[in-house]
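Reckoned from all heavy atoms, side chains included, excluding hydrogens, waters and symmetry mates. Quick note: residue numbers are just sequence positions, from 1.
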Amino acid sequence: MEPRSCDTFVAVPPATVDNRIIFGKNSDRLFDEVQEIVYFPAAVHDNSREHLKCTYIEIDQVPETYAIVLSRPAWLWGAEMGANEHGVCIGNEAVWGREEVCDEEALLGMDLVRLGLERADTAEKALNVIVDLLEKYGQGGNCAEGTLLFSYHNSFLIADRHEAWILETAGKYWAAEKIQEGVRNISNQLSITTKIDREHPDMRNYAKQKGWWDGKKEFDFAATYSYVDTAKMMVSPGRFCEGYKLLNKHKGNITFETMMEILRDKPSGINMEGEFLTTASMVSILPQDSNLPCIHFFTGTPDPERSVFKPFIFVPNISQLLDTTSPILELDEPVKKKPHFKNKPDRRHPLYQIHQQALEVIDGNEEKGKIILDNMKKLEKELFKEMESVLQNKHVDVDKIVNLFPQSAKDEIIIYKSNVNVSS
């Protein structure tokens with residue numbers, strides 16, 4: 001099995017309609033990994049010197065953290081993708097290159113996603129948070145639960161209401177590209193070439209010392225830090241190119257629904273199938289008008305073509321999202337394993353469990369399967385219409401919005417339960 005990973009997209013006006021930035025990501029992970037959707041409120045930390053436990057290591061805490069919503073593999077601290085109360089969105093990708101990957105436990109790229117969201121109220125500030133932590137703590141460690149060893153460097157797509165940044169790393173070295181208009185995507189390869197808007201101060205000198213760059217030719221980050229030996233490359237150039245084509249095809253007319261169509265596209269490989277598959281998806285609407293709310297859609301289930309994108313809006317007093325939160329497993333509890341999932345506890349949350357049963361019906365019963373899919377599409381269309389109304393009317397009913405995502409998840413579960421034989 002060749003480890004592969006995700007695709008992340010952004011479209012910035014004038015590539016979009018209604019003066020909105022649209023962010024989207026498919027999280028492509030091991031087929032048996034559960035991804036949960038969780039919310040954490042803003043918090044003030046009494047002692048900024050206290051330590052924060054990430055997936056593997058402890059780091060210094062900061063005095064204040066922002067409210068965040070995450071789509072994350074249920075076994076770890078960080079996240080594949082998410083957003084914060086200020087409209088910052090981040091997704092990361094696995095990348096490999098000439099610089100050796102560190103197996104020693106440090107910060108995972110997924111930890112850096114969460115930390116950027118917790119600590120920054122703009123995209124560029126999130127970039128600063130990530131590169132500062134990268135310099136101080138490094139990146140490394142196993143990115144999979146169980147026996148598979150899966151380590152990589154990371155690239156990030158970071159967006160807010162006004163701009164987006166691509167940040168690509170090789171060990172502690174990095175380059176960043178600012179996106180102020182048009183479309184951009186990242187996949188499992190370095191993609192920043194000669195347009196470098198910010199960089200690690202020693203990035204070029206290091207490349208020169210290693211003999212990767214002669215110091216005379218125009219510096220190209222991807223060409224310099226990528227593998228020369230193509231046999232070693234674990235990238236998907238086809239998927240990267242196909243993703244850009246899909247974005248470019250709709251340039252000027254991209255909506256959040258367009259982005260969802262791209263994430264659902266199977267012929268391109270964007271919607272991945274197999275041992276590595278699309279385990280969860282996210283699309284965000286980031287209006288440049290600060291009077292309008294940012295809306296973040298999450299599936300929380302595999303295969304976006306057969307999942308419902310459910311909306312989330314930040315308002316005060318949001319409670320935890322119980323139907324998409326995986327069970328907390330105590331270390332001293334006997335591990336409950338699914339028979340076909342080796343070396344992993346059962347982390348399925350309620351929505352995931354019933355969704356998997358519904359997929360079995362869809363695959364095995366054409367008549368019932370059509371009913372389920374039709375009802376899923378109907379629910380999704382109703383949610384989309386409701387969200388467009390919020391954006392057009394510039395009115396947020398806080399009492400209703402506070403339960404928007406959990407109610408959408410419950411409505412989805414009702415669809416599945418009405419067509420699935422659920423044992424007590």
Side-chain angles (χ1 to χ4, degrees), residues 6-26 80-84 86-93 95 109 112-113 116-117 120-131 134 154-170 174-200 203 219-223 225 237 239-256 258-260 262-263 270 282-290 294 296:
C6 328
D7 294 272
T8 310
F9 304 86
V10 71
V12 181
T16 62
V17 298
D18 294 329
N19 213 32
R20 303 168 182 171
I21 289 179
I22 307 294
F23 171 95
K25 174 174 162 68
N26 271 353
E80 275 279 291
M81 50 201 174
N84 72 17
H86 296 287
V88 179
C89 298
I90 310 178
N92 80 308
E93 308 290 338
V95 292
L112 292 167
V113 168
L117 293 171
D121 58 4
T122 70
E124 188 169 11
K125 286 181 183 177
L127 186 152
N128 293 339
V129 167
I130 291 171
V131 298
L134 191 64
N154 293 269
S155 65
F156 304 87
L157 200 162
I158 312 167
D160 61 23
R161 290 178 181 267
H162 305 292
E163 64 188 23
W165 284 85
I166 307 295
L167 169 62
E168 298 186 337
T169 71
W174 56 271
E177 177 185 348
K178 188 176 185 179
I179 314 296
Q180 290 180 286
E181 63 177 24
V183 296
R184 187 69 158 81
N185 63 308
I186 58 173
S187 193
N188 302 127
Q189 61 192 85
L190 299 177
S191 64
I192 295 174
T193 57
T194 58
K195 184 185 183 302
I196 301 172
D197 296 300
R198 292 185 54 188
E199 63 187 76
H200 187 284
M203 177 189 71
F219 187 84
D220 181 319
F221 179 72
Y225 277 86
R239 220 172 62 241
F240 174 74
C241 293
E242 288 299 315
Y244 182 77
K245 285 180 187 175
L246 289 169
L247 276 175
N248 209 43
K249 176 183 174 184
H250 299 284
K251 198 172 177 179
N253 296 292
I254 295 173
T255 66
F256 70 93
T258 311
M259 189 65 78
M260 291 171 186
I262 291 172
L263 298 185
I270 302 300
M282 170 184 174
V283 169
S284 291
I285 307 169
L286 310 176
Q288 295 192 320
D289 182 350
S290 60
C294 295
H296 312 284

### Query
Between V12 and V183, is a side-chain contact (heavy atoms from CB on, under 4.5 Å) present by the stated rule, with each step listed?
CA-CA 6 Å; V12 181; V183 296; over 6 Å; no
### Message
What's the separation between atom CZ in F9 and atom CE in M259, rounded to the nearest 0.5 Å?
### Response
7.5 Å
### Query
Can you tell me how far the CG atom of L263 sits from the CG atom of N26, to the nearest 0.5 Å?
4.5 Å
#### Entry: side chain to side chain contact (heavy atoms under 4.5 Å, CB included) partner of E168, chosen from L157, V95, N154, I186
I186
### Task
For the pair N19 (side chain) and P287 (backbone), establish whether a donor and an acceptor sit closer than 3.5 Å, ignoring hydrogens and angles.
no
### R184: partners by salt bridge (charged side-chain N to carboxylate O under 4.0 Å, His left out), with sequence neighbours left out
E177
### Message
How long is the straight-line distance from CD1 of I166 back to CZ of F221, given to the nearest 0.5 Å?
### Response
12.5 Å
## Note on the structure
Interatomic distance, CG@L286 vs CZ@F256, rounded to 0.5 Å, equals 13.0 Å
#### Entry: Ion pair check, E242 and K245, cut-off under 4.0 Å
yes
### Query
Heavy atoms, side chains only, cut-off 4.5 Å: are T255 and T16 in contact?
no
### Message
Using only atom types and a distance under 3.5 Å, with no angle test, would you say the side chain of R198 pairs donor to acceptor with the backbone of A175?
### Response
no
#### Entry: Residues S284 and H296: side-chain donor-acceptor under 3.5 angstrom
yes
### Under 3.5 Å: donor-acceptor pair, side chain of Y225, backbone of D220
no
### Task
Go through the steps for E93 and S187 under the test side chain to side chain donor-acceptor pair (under 3.5 Å), then give the verdict.
CA-CA 6 Å; E93 308 290 338; S187 193; 5.3 Å; no
### Message
K178: which residues meet the salt bridge (charged side-chain N to carboxylate O under 4.0 Å, His left out) condition with it, sequence neighbours left out?
### Response
E163
### Task
Give, for atom CG of N188 and atom OG of S155, the distance between the pair rounded to the nearest 0.5 Å.
7.5 Å
### Message
Going by the rule salt bridge (charged side-chain N to carboxylate O under 4.0 Å, His left out), which residues pair with K249 if we only count those two or more places apart in sequence or in a different chain?
### Response
none
### Summary
Between the CH2 atom in W165 and the CG atom in L127, the distance rounded to the nearest 0.5 Å is 6.5 Å
### Message
I'd like to know if the side chain of R239 pairs up with that of N185 as donor and acceptor (distance under 3.5 Å, no hydrogens or angles considered).
### Response
no
### Message
When you measure from the side chain of K25 to the backbone of N92, do you find a donor-acceptor pair of N or O atoms at a distance under 3.5 Å?
### Response
yes
